[in-house]
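Here is the structure we will look at, set down as structure tokens.
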Amino acid sequence: MSKLLIIEDEKSLARFIELEMQHEGYETTVATDGRIGLQLAITESWDAVLLDLLLPELNGMEVCRRIRQTNKTIPIIMITARDSVLDRVSGLDSGADDYIVKPFAIEELLARLRSLFRRVEALQSNEVTTLVFKDLIVELESCVVKKGETVISLTKREYDLLITFMSNINIVLTREVLLNKVWGYSTGVETNVVDVYVRYLRNKIDDSNDEGRYIHTVRGIGYVMR
């Protein structure tokens with residue numbers, strides 16, 4: 001049985017989500033403020049976290065960032081009433097895997113959870129433990145990224161994007177394909193978010209000269225690592 005941590009201060013909504021998740025066979029725990037939710041998230045084992053953005057004591061962005069400092073792989077879905085592109089980028093950049101806007105249909109939330117679980121299962125079932133391209137090395141089991149001997153710190157989203165590129169060397173990936181592979185079919189983010197995260201990743205792995213670039217833009221189509 002999968003264990004879900006629900007961090008939501010709106011008690012009626014938290015209870016609604018809890019009951020629906022239990023009906024689907026999930027084991028649930030609810031925290032109604034950010035500090036308690038963070039403590040539970042980092043001290044116990046969970047299969048996924050449903051995280052509100054506006055929380056008392058500690059906001060959802062900070063909770064997400066602190067969870068990611070200790071656990072880079074646990075699926076996190078951010079739940080909030082804010083729906084601007086900037087808010088979505090900020091939420092995803094803090095380490096969330098997906099972003100759902102209130103009010104939402106419970107069927108959509110369940111679909112997003114299933115999508116995240118499928119991606120986790122696919123990664124865990126992959127027999128490859130290390131990806132290598134030129135002097136970039138990704139140790140999948142430990143989620144460590146190195147450029148030569150230097151360890152590179154990436155957010156969860158940047159890490160997923162890098163793995164996607166390194167698993168598709170010399171294959172041109174459209175923005176839509178990247179959105180599907182990294183964010184999942186059910187995500188509501190726009191394709192320009194892909195450009196934002198490619199820029200973030202480039203800033204961390206690319207050298208300033210053309211020969212030191214790993215990710216190349218294919219004008220009008222998308223991106224390729226070669």
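The first residue of the sequence shown is numbered 1, and numbering continues consecutively from there. All figures in this text were calculated on a predicted structure; none of them were measured in a lab.
Rounded to the nearest 0.5 angstrom, N192 CG and Y197 OH are separated by 11.5 Å. K204 contributes atom NZ, which lies 5.5 Å from atom OG1 of T155 (distance to the nearest 0.5 angstrom). Taking CD1 of I17 as the reference point, atom CG of L19 lies at 10.5 Å (rounded to 0.5 Å). To the nearest 0.5 angstrom, S94 atom OG is 12.5 Å from R66 atom CZ. Rounding to the nearest 0.5 angstrom, the gap separating the CD1 atom in I137 from the CG atom in L131 is 10.5 Å. Between atom CG of residue L51 and atom CD1 of residue I100 there is a gap of 13.5 Å, rounded to the nearest 0.5 Å.
With hydrophobic clusters built from ILVMFWY side chains whose heavy atoms lie under 4.5 angstrom apart, V144 does not share a cluster with Y159. Hydrophobic clustering (side-chain heavy atoms under 4.5 Å, transitive across Ile, Leu, Val, Met, Phe, Trp, Tyr) groups I171 together with L178. Under the 4.5 Å side-chain contact rule for hydrophobic residues, V196 and I221 do not share a cluster. No single ILVMFWY cluster, assembled from side-chain heavy atoms under 4.5 Å apart, contains both V172 and M225. Put simply, V224 and V194 are part of two different groups of oily side chains (I, L, V, M, F, W, Y) that touch within less than 4.5 Å, one to the next.
The two residues L116 and P75 have their closest heavy-atom pair at CD1-CB, 3.9 Å. Across every non-hydrogen atom of C143 and T73, the tightest pair is SG-CG2, 3.6 Å. Listed here is the closest heavy atom pair of E62 and L58: CG-CD1, 3.8 Å. Listed here is the closest heavy atom pair of I36 and A31: CG2-CB, 4.1 Å.
Proximity of L109 to M21: side-chain heavy atoms (C-beta onward) are separated by under 4.5 Å at one or more points. Residues C64 and M78 are in side-chain contact: their nearest non-hydrogen atoms beyond the backbone lie under 4.5 Å apart. At least one side-chain heavy atom of D160 sits under 4.5 Å from a side-chain heavy atom of K156. Inter-residue side-chain proximity for L136 and K146 is flagged as unmet; no heavy-atom pair is nearer than 4.5 Å. At least one side-chain heavy atom of V177 sits under 4.5 Å from a side-chain heavy atom of K181. Looking at heavy atoms from C-beta onward, M166 lies in side-chain contact with V138 at the 4.5 angstrom threshold. Looking at heavy atoms from C-beta onward, I74 lies in side-chain contact with V49 at the 4.5 angstrom threshold. Counting only heavy atoms from C-beta outward, the side chains of V30 and E8 never approach each other to under 4.5 Å.
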**OP:** Would you sort out whether L113 and I77 count as a side-chain contact (heavy atoms from CB on, under 4.5 Å), showing the intermediate values?
**Re:** CA-CA 8 Å; L113 263 178; I77 297 180; 4.1 Å; yes
Original post:
T217 and R202: side chain to side chain donor-acceptor pair (under 3.5 Å), yes or no, with the steps?
Top reply: CA-CA 11 Å; T217 301; R202 278 172 163 167; 2.7 Å; yes
**OP:** Take L38 and I67 through the side-chain contact (heavy atoms from CB on, under 4.5 Å) test and state the conclusion after the steps.
**Re:** CA-CA 7 Å; L38 175 62; I67 292 174; 3.9 Å; yes
Subject >> Test side-chain contact (heavy atoms from CB on, under 4.5 Å) applied to E139 and V145, step by step >> reply: CA-CA 6 Å; E139 298 172 1; V145 179; over 6 Å; no
**OP:** Output, in order, the C-alpha distance, side-chain angles, deciding distance and verdict of side chain to side chain donor-acceptor pair (under 3.5 Å) for Q22 and T28.
**Re:** CA-CA 7 Å; Q22 289 175 351; T28 62; 3.0 Å; yes
Original post:
Which is it for I79 and F104 under the side-chain contact (heavy atoms from CB on, under 4.5 Å) test, yes or no, and what are the steps along the way?
Top reply: CA-CA 9 Å; I79 301 173; F104 55 85; 3.6 Å; yes
**OP:** Before giving the answer on salt bridge (charged side-chain N to carboxylate O under 4.0 Å, His left out), spell out for D98 and R112 the whole-Å C-alpha distance, their side-chain angles and the decisive distance to 0.1 Å.
**Re:** CA-CA 8 Å; D98 206 347; R112 292 180 184 229; 2.8 Å; yes
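In this model, a donor atom of one side chain and an acceptor atom of the other lie less than 3.5 Å apart for Y214 and D135.
Partner of Y223 under the side-chain hydrogen bond (donor to acceptor under 3.5 Å, both in side chains) criterion, out of T164, N168, T174, D195: D195 alone.
The pair D206-R199 fails the salt-bridge criterion, with no side-chain N (NZ, NE, NH1 or NH2) lying under 4.0 Å from an Asp/Glu carboxylate O. Between K102 and D52 there is a salt bridge, with a side-chain nitrogen of the basic residue lying less than 4.0 Å from a carboxylate oxygen of the acidic one.
More than 12 heavy atoms of other residues, nucleotides or ligands sit less than 6.0 Å from atom CD of E44.
The backbone N or O of G95 sits less than 3.5 Å from a side-chain atom of R68, completing a donor-acceptor pair. Looking at D97, its side chain does come within 3.5 Å of a backbone N or O of I76 through a donor-acceptor pair. Under the 3.5 Å distance criterion, the side-chain polar atoms of K147 are matched with a main-chain donor or acceptor of I205. A donor-acceptor pair is defined here as one N or O able to donate and one able to accept, closer than 3.5 Å; no such pair exists between the side chain of D33 and the backbone of E57. Remark: the backbone N or O of L40 is paired with a side-chain donor or acceptor of W46 at under 3.5 angstrom.
In this view, Y26 satisfies the ring pair (Phe, Tyr, Trp, His ring centres under 6.0 Å) rule with no residue, not counting sequence neighbours.
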